[in-house]
Amino acid sequence: MKQRVLALLNSEIKRDIVLEKPRDRSFGHFATPIAFAMAKELKRSPIDIASELVELFSKDAMFTNVEAVKGYLNLKLSEDFLDEYASWALANQDEFAKGNESSTILLEFVSANPTGPLHIGHARGAVYGDTLLRLGRHLGHQITAEYYVNDAGNQIDLLGTSLMLEGQANILGLDVEYPENYYRGDYLSELAKIAADTYGKEVFLDAKKIKDVTLWAKDEVLKMIVSDLAAINVHFDTFVSEAELYNDWDRVMDILKANGGTEEIDGKQWLKSSLKGDEKDRVIVREDGRPTYLAGDIIYHHQKFERKYDSYINIWGADHHGYISRVKAAISFLGHDENKLDIQLSQMVSLLKDGEPFKMSKRAGTVIGMNDVVEEIGSDALRFMFASKKSDTALEFDINDLKKQDSSNPIFYVNYAHARIQTILEKSELGREEIMAASLKGLSEDADNLLFEAMLLNEVVEDAFNSRQVQKVTDYLKGLASTYHKFYYDHKVIGTQDEAKLLKLFLVVALSIKTGLSLLGIKAKDRM
RNA sequence: GCGCCCGUGGCUCAACUGGAUAGAGUAACGGACUUCGAAUCCGUUGGUUACAGGUUCGAAUCCUGUCGGGCGCACCA
């Protein structure tokens, strides 16, 4: 809808126009403060300019009313236009709220180390990334969802050693002392049991086998992560192994060197990232020749850019924000446009339990697992709640609140609106064809408002994706559900003269809710 | 100490990225079922948008400073 209005306005006004949804519907469907901007340029009163604009557009069939109020230009869409758009949407449900974008995007998210199960903080990044993925694809973007697997380095070695110790302690019954920073937890006990069955119990004492066991354990943990993610409808297209990247290190290093991006000091290779806005230079190859973690990220991003996507999105935990400038510096040294990489941070989730801060530690084994929470409240509630918070602000919630499964949870409120529509459709004696044949013209004012709101999904999706703020979708759905509930309470439908019309209107509302929820990875409920 | 993010009713969050009277949920209180699902709806109370300046037609939003909080400041990942 918005595009068509903008297209019309732009045919007369050659500049960027902001179309707003007025707070008060009596101001119309759309409004624009364009006269203020023009006033500055033309050095004339915005009120005069707005009045002139009224003359320009009031005759168009798209609008039933155009007026100037205090410098704002308020537009009211015509019934013909709204009826036509709604009928089209119902006849082409799969196309509803879609866009015409076509760019290719590589979206990397989660990328948690395969050293243990995902915790509640990872879930936030997963939900955020997957929601962006769904929104972007709906708009037409061709997006690849990728998981970068950190399967090299100390953390992985630590997983192997931790597993060996776990086996010695719990399978062989030996007296073992755990160093402080080793991994603990139920998943390790489980893994040890399976390892004992697969390799035999003696494996835990065989120092030569530790490498094999480590690799095996890493794969098992990754499988666990993938299946936990599947439980909240998050799926990846590609997985990239950090360990395999290092085969390409020499080649990438040569490019960095050739472009003056490195310097050798004290037998170490440094990335001269301070030249590109980083606080200081960074070691990328240690004295003994082993590349650092950053080296892996450099190869990874170089290969990403060689895969030639139009743009790239990374979703990182906020504790990695210090990494942004050094990775971008490396990308720039490698001859790529670092502005094509958009790094979004997913802020910490801090947990409370009975009002007290609840500290998590993967190594101490006191982690709130993502799957534990999913078991308690279900994927839908978890996804809706996480999606409804801006990703770059810290989020705090009480574990006990999450366990509640009542109306205070907004997903129930939205689902209830959808379910109510299904029920009333079943109660009605009218068939689908009779309903579809009805016209949406001549509706009451509040029905017209509901219709318009239901048809705004595309604008919301576009706004949410482009600003990377997925909570706009949940806000919209809560608002639409509220408008619907209110309307439902105020109006009787079955048996009235307008029954077919109103049911058609409800079909549009249901379509919008169902589509909106699907973009959040949630299947709308027909019954509560 | 330096860098990044943030500070909005008691609590959890919005505010179309500079626009009209700062909105929802929750909590508290009071109302609405003989009626398509009351898991709903309506109303009341609650705000100097941390504070102080500045920019302009216009600021929660941008700039400067102060105060407060989170995260980071590895040759760990």
Side-chain angles (χ1 to χ4, degrees), chain A residues 2 18-24 27 31-33 36-37 39-40 45-46 69-72 74 111-113 115 150-156 158 181 242 266 268-270 278-280 282-288 290-297 317-325 345 347-348 350 355 385 388-390 392-398 401 405-410 412-413 415-417 419-428 459-460 463-464 466-467 469 471-472 474-476 478-479 481-482 484-496 499 502-503 527-528:
Chain A
K2 201 168 177 174
V18 178
L19 264 196
E20 296 168 356
K21 186 185 157 201
R23 289 192 201 292
D24 189 340
F27 288 134
T32 174
F36 293 98
K40 194 172 274 182
S45 147
V69 179
K70 291 193 287 186
Y72 282 85
N74 295 337
S111 297
N113 293 350
T115 53
N150 295 127
D151 52 1
N154 289 348
Q155 306 291 347
I156 292 294
L158 204 54
N181 58 345
E242 179 192 357
D266 301 335
K268 304 164 196 168
Q269 291 293 337
W270 295 72
D278 195 8
E279 295 167 35
K280 53 185 174 186
R282 311 287 173 176
V283 173
I284 48 177
V285 183
R286 303 176 178 92
E287 233 168 326
D288 60 10
R290 284 157 49 232
T292 64
Y293 173 74
L294 181 58
D297 247 330
D319 53 341
H320 286 63
H321 69 74
Y323 247 76
I324 296 176
S325 50
L345 299 177
Q347 272 287 359
M348 307 286 107
S350 38
M385 193 200 55
S388 60
K389 314 293 177 189
K390 223 193 279 181
D392 67 348
T393 55
L395 164 64
E396 196 175 72
F397 63 83
D398 199 298
D401 286 350
Q405 197 154 344
D406 57 25
S407 61
S408 67
N409 199 333
F412 288 93
Y413 185 77
N415 263 324
Y416 183 38
R420 271 183 146 177
I421 294 173
Q422 306 313 314
T423 308
I424 200 171
L425 284 167
E426 281 169 27
K427 285 249 161 81
S428 168
E459 283 78 2
V460 173
D463 186 19
N466 291 336
S467 65
Q469 297 189 5
Q471 81 279 1
K472 289 172 190 290
T474 53
D475 280 354
Y476 167 74
K478 282 186 275 189
S482 169
Y484 174 75
H485 283 309
K486 198 170 298 184
F487 187 87
Y488 180 94
Y489 186 86
D490 289 340
H491 301 275
K492 191 165 167 64
V493 175
I494 290 180
T496 66
E499 182 170 343
L502 294 176
L503 289 177
R527 282 216 167 64
M528 300 306 289

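Letters A, B, ... mirror the listed sequences (proteins, then strands); counts begin at 1. Just so it is clear, the values below take in all heavy atoms, side chains as well, and ignore hydrogens, waters and symmetry mates.
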Asker: Under 4.0 angstrom, heavy atoms only, what part of the nucleic acid is A:T423 near: base, sugar-phosphate, or nothing?
Answerer: base
Asker: Just how far, in rounded Å, is C1' of B:U12 from CD of A:Q471?
Answerer: 14 Å
Asker: If the P atom of B:G47 is compared with that of B:C11, how far apart are they to the nearest Å?
Answerer: 12 Å
Asker: Counting only side-chain heavy atoms from C-beta out, which of B:U17, B:G37, B:C71 sits nearest to A:Q469?
Answerer: B:U17
Asker: Tell me: NE2 of A:H491 to P of B:C42, nearest whole Å?
Answerer: 12 Å
Asker: Where the side chain of A:F36 is concerned, which of B:C57, B:U40, B:A77 is the nearest nucleotide?
Answerer: B:C57
Asker: Need one value for A:D278: base, sugar-phosphate or nothing, where a base atom within 4.0 Å counts as base even if backbone is also close, heavy atoms only.
Answerer: nothing
Asker: At their closest point, which heavy atom of A:I494 faces which heavy atom of A:K427, and how far apart are they?
Answerer: CD1-CB, 3.5 Å
Asker: Round to a whole Å and report the spacing from OH of A:Y72 to C1' of B:U21.
Answerer: 12 Å
Asker: With both distances under 3.5 Å as the test, what is the Watson-Crick or G-U wobble partner of B:A15?
Answerer: none
Asker: Looking only at the side chain of A:Y488 (C-beta and beyond, no hydrogens), which of the listed nucleotides B:A77, B:C71, B:C36 gets closest?
Answerer: B:C36
Asker: Show, in sequence, the C-alpha distance, side-chain angles and deciding distance for A:V493 and A:L503, and conclude whether the side-chain contact (heavy atoms from CB on, under 4.5 Å) test is met.
Answerer: CA-CA 8 Å; A:V493 175; A:L503 289 177; 4.1 Å; yes
Asker: Under 3.5 Å for both donor-acceptor distances, Watson-Crick or wobble: does B:A28 have a partner, and if so which one?
Answerer: B:U44
Asker: Verify, without hydrogens or angle tests, whether A:N74 (side chain) and A:A31 (backbone) share a donor-acceptor contact under 3.5 angstrom.
Answerer: no
Asker: Is it the case that the base of B:A39 and the side chain of A:Y413 share a donor-acceptor contact (distance under 3.5 Å, atom types as modelled)?
Answerer: no
Asker: Which base sits across from B:U64 as a Watson-Crick or G-U pair, both distances under 3.5 Å?
Answerer: B:A52
Asker: Could you tell me whether the phosphate oxygens of B:A14, OP1 or OP2, come under 4.0 Å of any side-chain nitrogen or oxygen in A:K472?
Answerer: no
Asker: So, OP1 or OP2 of B:A15: does either fall under 4.0 Å of a side-chain N or O from A:K390?
Answerer: yes
Asker: What integer distance in Å separates A:I424:CD1 from B:U35:C1'?
Answerer: 12 Å
Asker: Does a side-chain N or O of A:Y484 approach OP1 or OP2 of B:G37 to a distance below 4.0 Å, or not?
Answerer: no
Asker: Which base, if any, makes a Watson-Crick or G-U wobble pair with B:C4, both distances under 3.5 Å?
Answerer: B:G70
Asker: Can you work out whether A:D490 or A:L345 has the more 5'-proximal nearest nucleotide on RNA chain B?
Answerer: A:L345
Asker: Which heavy-atom pair separates A:H485 from A:Y413 by the least distance, and what is that distance?
Answerer: NE2-O, 3.2 Å
Asker: Using atom C1' in both nucleotides, what's the gap between B:G9 and B:A22 to the nearest angstrom?
Answerer: 11 Å
Asker: Got a donor-acceptor contact below 3.5 angstrom from the A:T292 side chain to the A:V283 backbone?
Answerer: yes
Asker: Please give the distance between the P atoms of B:G25 and B:G43 as a whole number of Å.
Answerer: 10 Å
Asker: Of the nucleotides B:A14, B:C16, B:G72, which one has an atom closest to the side chain of A:D475?
Answerer: B:A14
Asker: Could you tell me which nucleotide pairs with B:C36 by Watson-Crick or G-U wobble geometry, both distances under 3.5 Å, or answer none if nothing does?
Answerer: none
Asker: Between the base of B:A20 and the side chain of A:N74, is one N or O donor paired with an acceptor at under 3.5 angstrom?
Answerer: yes
Asker: Quick one: label A:K486 by what it contacts on the DNA or RNA (base, sugar-phosphate, nothing), any heavy atom closer than 4.0 Å.
Answerer: sugar-phosphate
Asker: With distance as the sole criterion, do the side chain of A:H321 and the base of B:C71 form a donor-acceptor contact below 3.5 Å?
Answerer: yes
Asker: Output the rounded distance in Å from CZ (A:R282) to P (B:A77).
Answerer: 14 Å
Asker: Of A:I494 and A:G153, whose closest RNA chain B nucleotide lies nearer the 5' terminus?
Answerer: A:I494
Asker: Could you work out which one of B:G3, B:U40, B:A77 sits closest to the side chain of A:Y489?
Answerer: B:U40
Asker: Any base atoms under 4.0 Å from A:K478, or only sugar-phosphate, or nothing? Heavy atoms, all strands.
Answerer: nothing
Asker: To the side chain of A:S467, which of B:C36, B:U17, B:A14 is closest?
Answerer: B:U17
Asker: For B:G72 and B:G46, measure between their P atoms and round to the nearest Å.
Answerer: 41 Å
Asker: What pair of heavy atoms forms the shortest contact from A:K478 to A:P410, and how long is it?
Answerer: CD-CB, 3.8 Å
Asker: Distance between the C1' atoms of B:G19 and B:A27, in whole angstroms?
Answerer: 32 Å
Asker: If pairing requires Watson-Crick or G-U wobble contacts with both distances under 3.5 Å, which nucleotide is the partner of B:A20?
Answerer: none
Asker: What interatomic distance, in whole Å, is found between P of B:U34 and the corresponding atom of B:A39?
Answerer: 15 Å
Asker: Pick base, sugar-phosphate or nothing for A:A417, based on heavy-atom distances below 4.0 Å to the nucleic acid.
Answerer: nothing
Asker: Using a cut-off of strictly less than 4.0 Å, decide whether A:K427 has a side-chain nitrogen or oxygen near OP1 or OP2 of B:G37.
Answerer: yes
Asker: What's the verdict on side-chain contact (heavy atoms from CB on, under 4.5 Å) for A:Y323 and A:L294, showing C-alpha distance, side-chain angles and the deciding distance?
Answerer: CA-CA 9 Å; A:Y323 247 76; A:L294 181 58; 3.6 Å; yes
Asker: Just N and O in the side chain of A:R420: are any of them under 4.0 Å from OP1 or OP2 of B:A38?
Answerer: yes
Asker: Between the side-chain atoms of A:Y323 and the base atoms of B:A77, is any donor-acceptor pair under 3.5 Å?
Answerer: yes
